[in-house]
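Below is one structure, written out as structure tokens; the observations come after it.
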Amino acid sequence: MSASSMLRHFFSIADLRKEEIEDMLDRAARLCSVGPMGTEMAGKVVGLCFFQESTRTRVGFDAAVKRLGGSTVIVTEAREVQRAPSPESLEDTIRAVSGYCDMIVMRHAETPALHAAMRASVAPVINAGCGCEHHPTQALLDLFHIKNRFGRLEGLRIGLVGDLCTSRAARSLLQTMRHWPPAELRLMAPPGREATGEALLHVAKSSVSVYPELIAADLDVLYVAGMPNPESEPCFSLELRKRFTVYRETLEALPSHGIIMCPLPRIDEIAVDVDQSRHATYFEQSDNALWARMAALLFQYGRCKQ
Ligand code: CP
């Protein structure tokens, strides 16, 4: 494998054309109907480089590669981890690992680190989540789940609740709404944690409403982005967290067809007894991620062969 400045990386869902996303959604649907074993990636090795914690994305990609006949190598060393006699740079780690792999899937807490890794890599990179901004395969699997449930993506009444400023899942989903405008976009966030203007750049202002609490009435989709971990950000009081939490009583306001989605992991943003409700679809959403991630791998693999 040789270094190439022509490598195409999958950094943000905003970088893709509507037709490219639709192709992936169609492919995910075909994979879902056929079943989870394929040979499209037989003989290929994917490096899973996770420098920030993950369960679903890391294990989901691992399973997706293997379901397509490929294999994985796992890199979890953090650049910040002290290694005697001297720590290696992230760029050097990625350059070395990418030399053994056909593709890299990478997560990092800082967006500039993803950019640096993409410059250093000699294999195409899929962003598995970085900073507060980008989680493109989460957006893809969210769209896949919504389309499965409603048969369409546009014209829905969608509510996003939680810390919409730092949730890369919520922000990535917002980035797709220029392609499939919602009938209503209800943004429910604590003061100072609203979605920024940039995230709403391509959404019709007339469809957007903003609330400092959770209001579930009339929503087709209630997307629970969650609040920051109270251990890392104790500034939010319990009272304030409760204003953005889904309880059994919250469900009474949802229409009978309304669904609750959540990227997970859950801390306390959805009460556990909500799981038994027909509205709760977040574990099904998590299951559906397999097809979306298989489709993302094949999309990325396909366009790098062009
Ligand atoms: N939704 C999501 O990214 O989950 P993980 O952090 O477990 O990968």
Side-chain angles (χ1 to χ4, degrees), residues 10-14 24 28 46-67 72 74-78 103-111 113-114 117 125-146 148-149 158 160-176 195 199 221-233 244 246 259-270 272 274-275 280-297 300:
F10 184 3
F11 173 68
S12 167
I13 199 77
M24 277 193 278
V46 176
L48 303 179
C49 303
F50 280 72
F51 301 101
Q52 189 186 30
E53 71 272 16
S54 169
T55 302
R56 278 143 288 272
T57 313
R58 179 174 50 83
V59 177
F61 266 116
D62 200 359
V65 171
K66 288 168 180 165
R67 298 279 191 186
T72 58
I74 297 178
V75 180
T76 52
E77 289 93 338
M103 201 184 294
I104 296 291
V105 174
M106 178 172 156
R107 170 173 290 191
H108 200 287
E110 295 162 18
T111 296
L114 240 294
V125 177
I126 295 179
N127 181 359
C130 68
C132 300
E133 299 103 352
H134 299 289
H135 197 348
T137 60
Q138 181 69 48
L140 186 69
L141 76 90
D142 291 343
L143 293 175
F144 182 61
H145 183 67
I146 293 170
N148 262 355
R149 280 281 173 157
I158 299 180
L160 274 65
V161 62
D163 181 348
L164 305 183
C165 182
T166 66
S167 166
R168 58 191 172 208
R171 291 175 64 161
S172 296
L173 187 59
L174 281 170
Q175 287 167 1
T176 69
V221 177
L222 173 59
Y223 191 95
V224 184
M227 295 284 281
N229 187 334
E231 285 173 18
S232 58
E233 291 205 49
F244 300 94
V246 181
I259 63 170
I260 302 170
M261 295 176 62
C262 176
L264 303 172
R266 158 172 57 185
I267 303 173
D268 57 1
E269 54 270 56
I270 303 174
V272 174
V274 171
D275 297 358
T281 69
Y282 26 92
F283 287 111
E284 180 192 317
Q285 173 191 356
S286 170
D287 295 342
N288 278 334
L290 178 67
W291 317 113
R293 294 211 160 96
M294 287 169 80
L297 284 162
Q300 183 65 358

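Order of listing sets the numbers, starting from 1, for every ligand and every atom in it.
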**Prompt:** Who's the nearest protein heavy-atom neighbour of atom 4 (O) of ligand 1, and how far?
**Reply:** Arg56 NE, 3.2 Å

**Message:** Is there a polar contact between ligand 1 and Glu53, counting only N or O atoms under 3.5 Å apart?
**Reply:** no

**Message:** The test is side-chain hydrogen bond (donor to acceptor under 3.5 Å, both in side chains); show your working for Arg149 and Thr281 and say whether it passes.
**Reply:** CA-CA 10 Å; Arg149 280 281 173 157; Thr281 69; 5.2 Å; no

**Request:** Considering only non-hydrogen protein atoms, determine which one is nearest to atom 6 (O) of ligand 1 and report residue, atom name and distance to 0.1 Å.
**Result:** Arg107 NH1, 2.9 Å

**Message:** Under a 4.0 angstrom heavy-atom cut-off, which atoms of ligand 1 come close to His135?
**Reply:** 2 (C), 3 (O)

**Message:** Can you confirm, on distance only, whether ligand 1 has an N/O atom lying under 3.5 Å from any N/O atom belonging to Pro265?
**Reply:** no

**Prompt:** Side chains of Tyr223 and Ile259: closer than 4.5 Å at any heavy-atom pair?
**Reply:** no

**Euclidean distance, Ser286 OG relative to Met261 CE, rounded to 0.5 Å** = 11.0 Å

**Message:** Under 4.0 Å from a heavy atom of Thr55: which atoms of ligand 1 are those, numbered in the order shown and with their elements?
**Reply:** 5 (P), 7 (O), 8 (O)

**Message:** Does any part of the side chain of Val224, heavy atoms only, come nearer than 4.5 Å to the side chain of Arg266, both counted from C-beta?
**Reply:** no

**Complete:** CG of Asn288 to CZ of Arg293, rounded to nearest 0.5 Å, is 11.5 Å

**Message:** Suppose I only count heavy atoms of Leu264 and a 4.0 Å limit; which atoms of ligand 1 are within that range?
**Reply:** 1 (N), 2 (C), 4 (O)

**Prompt:** Below 4.0 angstrom, N of the basic side chain to O of the carboxylate: do Asp62 and Arg58 qualify?
**Reply:** no

**Message:** Can you confirm, on distance only, whether ligand 1 has an N/O atom lying under 3.5 Å from any N/O atom belonging to Arg58?
**Reply:** no

